[in-house]
**Q** 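One structure, as structure tokens, below. Some questions next.
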Amino acid sequence: MNVTFVESFQSKILEFYQQNRRSFPWRMTTDRYAIMVSEVMLQQTQADRVARRFPLWLERFPDVQTLASASLREVLDAWSGLGYNSRGQRLHRAAAMVVEQFDGCVPSDPARLIELPGIGAYTSRSIPVFADNLDLAAVDTNIRRVLIHELNLPESITPKALLAVAEEVLPKGRSRDWHNALMDYGAMELTGRKTGIAPLTRQSTFKGSRRWYRSALLRELLKSGELSREAVEERYADCPYGIGTIVDMLVEEAMIEEYGEQRMLRIAGESGGGGGK
DNA sequence: TTCCCGCTGA
DNA sequence: TCAGCTGGAA
């Protein structure tokens, strides 16, 4: 790739970052455990929502040992509201593995990290990038969108090829700032809605899915005068979960009635995620 | 309806 | 390679 072009692209992104950088709690630390927690929380979850939960989590589980020795119940309780709560369970297991295998020290080697549950291709790279400023490229949907749009790449580019491009345009020694800059640029200037560039994965909304039931029942609840959303909220006022989860619970009941418990468990998954359990 | 700093088992 | 998973805001 043209050197001048790469340099002007780097300047553009980094200058934008200098002027418009967002402030997040996980950008105030380089503690690898804290970064790991934030990166797992941020998987498919909006940064603003994570920003509210992240400090509370660290207060309750300040280090790997504390998290590893906590009960699953405690962990999932602290996770509630973040969604995809199988992530919470995996983070819990990952903490236990770090204590056992790495003496409580979260590794910085992507090859080690990717062995941990809940840590995949992206997160295994993003942790050392943000915690250690390692000269590695980590590409999520956000960064993918920025690269495709700014470098005029085909939307059909494979993840492997895109990763190679990302490595090429990475300004050495500024990995952490660079990735934060790409994130902010993508979130503030180049949203998916604005560019029309499709994300890697789409929501599953097939008839009978958990999500489908959720929206269908929500519609009915809103239409039915007998069971308004307000009524549900009032009825479950002291429920520790959010209204979305409450609706989900009702959805599960509906699914049990229609499909039977076995199928419901298969669809929803006891702990969710990962194509069921 | 779509998208958000993806991962997992099949 | 792909369906499926959470919750909420736009």
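This one's a predicted model, so the numbers in the text were calculated from it and none came from an experiment. The chains referred to below are lettered A, B, ... by the order of the sequence lines, with proteins before strands, and numbering in each begins at 1.
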**Q** Rounded to whole Å, how long is the line connecting atom CD of A:Gln46 with atom C1' of B:dG6?
**A** 14 Å

**Q** I'd like to check A:His179 versus A:Leu170 (side-chain heavy atoms, cut-off strictly below 4.5 Å). Are they in contact?
**A** yes

**Q** Output all residues satisfying ring pair (Phe, Tyr, Trp, His ring centres under 6.0 Å) with A:Phe16, sequence neighbours left out; order by chain, then residue number.
**A** A:Tyr185

**Q** Sequence neighbours excluded, which residues qualify as side chain to side chain donor-acceptor pair (under 3.5 Å) partners of A:Arg125?
**A** A:Glu167

**Q** Looking at A:Asn133 and A:Ser175, would you say the former's side chain and the latter's main chain have a donor-acceptor pair under 3.5 Å?
**A** yes

**Q** To the nearest Å, how far apart are A:Ile197 CD1 and B:dT2 P?
**A** 17 Å

**Q** Could you pick out which residue, A:Gln43 or A:Arg49, lies toward the 5' side of DNA chain B when each is mapped onto its nearest nucleotide?
**A** A:Arg49

**Q** Identify, with sequence neighbours excluded, every residue that meets salt bridge (charged side-chain N to carboxylate O under 4.0 Å, His left out) alongside A:Glu155.
**A** none

**Q** According to ring-ring contact (aromatic ring centres under 6.0 Å, His included), does anything in residues 86-135 of chain A pair up with another residue at least two apart or in another chain? List the pairs.
**A** none

**Q** Using a heavy-atom distance cut-off of less than 4.0 Å, which residues of residues 141-172 of chain A contact DNA chain B?
**A** A:Thr141, A:Asn142, A:Arg145

**Q** Apply salt bridge (Lys or Arg N to Asp or Glu O under 4.0 Å) to residues A:Asp48 and A:Arg53 and explain how you reach the verdict.
**A** CA-CA 9 Å; A:Asp48 287 329; A:Arg53 299 292 201 309; over 6 Å; no

**Q** For A:Trp57, what residues pass the side chain to side chain donor-acceptor pair (under 3.5 Å) criterion, not counting sequence neighbours?
**A** A:Tyr33

**Q** Give me the residues of residues 104-133 of chain A where at least one heavy atom lies under 4.0 Å from an atom of DNA chain B, by number, or none.
**A** A:Leu116, A:Pro117, A:Gly118, A:Ile119, A:Gly120, A:Ala121, A:Tyr122, A:Thr123

**Q** Just the rounded figure in Å: distance from C1' of C:dG4 to CZ of A:Arg90.
**A** 11 Å

**Q** Let's see if you get this right: which residues in residues 28-42 of chain A place a heavy atom under 4.0 Å from DNA chain B?
**A** A:Glu39, A:Leu42

**Q** With sugar-phosphate meaning primed atoms plus P, OP1 and OP2, does A:Trp26 contact a base, only sugar-phosphate, or nothing at under 4.0 Å between heavy atoms?
**A** base

**Q** Just the rounded figure in Å: distance from C1' of B:dC5 to CZ of A:Arg87.
**A** 11 Å

**Q** Can you name the side chain to side chain donor-acceptor pair (under 3.5 Å) partners of A:Arg32, sequence neighbours left out?
**A** A:Asp132

**Q** For nucleotides C:dG8 and B:dC7, find the distance between their P atoms and express it as a whole number of Å.
**A** 23 Å

**Q** Provide, to the nearest angstrom, the distance between the CG atom belonging to A:Asp48 and the P atom belonging to C:dA9.
**A** 11 Å

**Q** Nearest whole angstrom, please: distance from the C1' of C:dA3 to the CD of A:Gln44.
**A** 14 Å

**Q** Could you tell me the separation between the CG atom of A:Leu182 and the P atom of B:dC4, rounded to a whole number of Å?
**A** 15 Å

**Q** Taking atom C1' in both B:dC5 and C:dA3, what distance in whole Å separates the two?
**A** 22 Å

**Q** Nearest to the A:Tyr84 side chain among B:dC5, B:dT8, C:dT6, which nucleotide is it?
**A** C:dT6

**Q** Under the salt bridge (charged side-chain N to carboxylate O under 4.0 Å, His left out) test, which residues partner A:Arg60, sequence neighbours left out?
**A** A:Asp77

**Q** What pairs with A:Arg174 under salt bridge (charged side-chain N to carboxylate O under 4.0 Å, His left out), at least two apart in sequence or on another chain?
**A** A:Asp177

**Q** Quick one: list whatever passes salt bridge (charged side-chain N to carboxylate O under 4.0 Å, His left out) with A:Asp109, sequence neighbours left out.
**A** A:Arg112

**Q** Check the distance between C:dT6's C1' and A:Gln89's CD and give it to me in whole angstrom.
**A** 15 Å

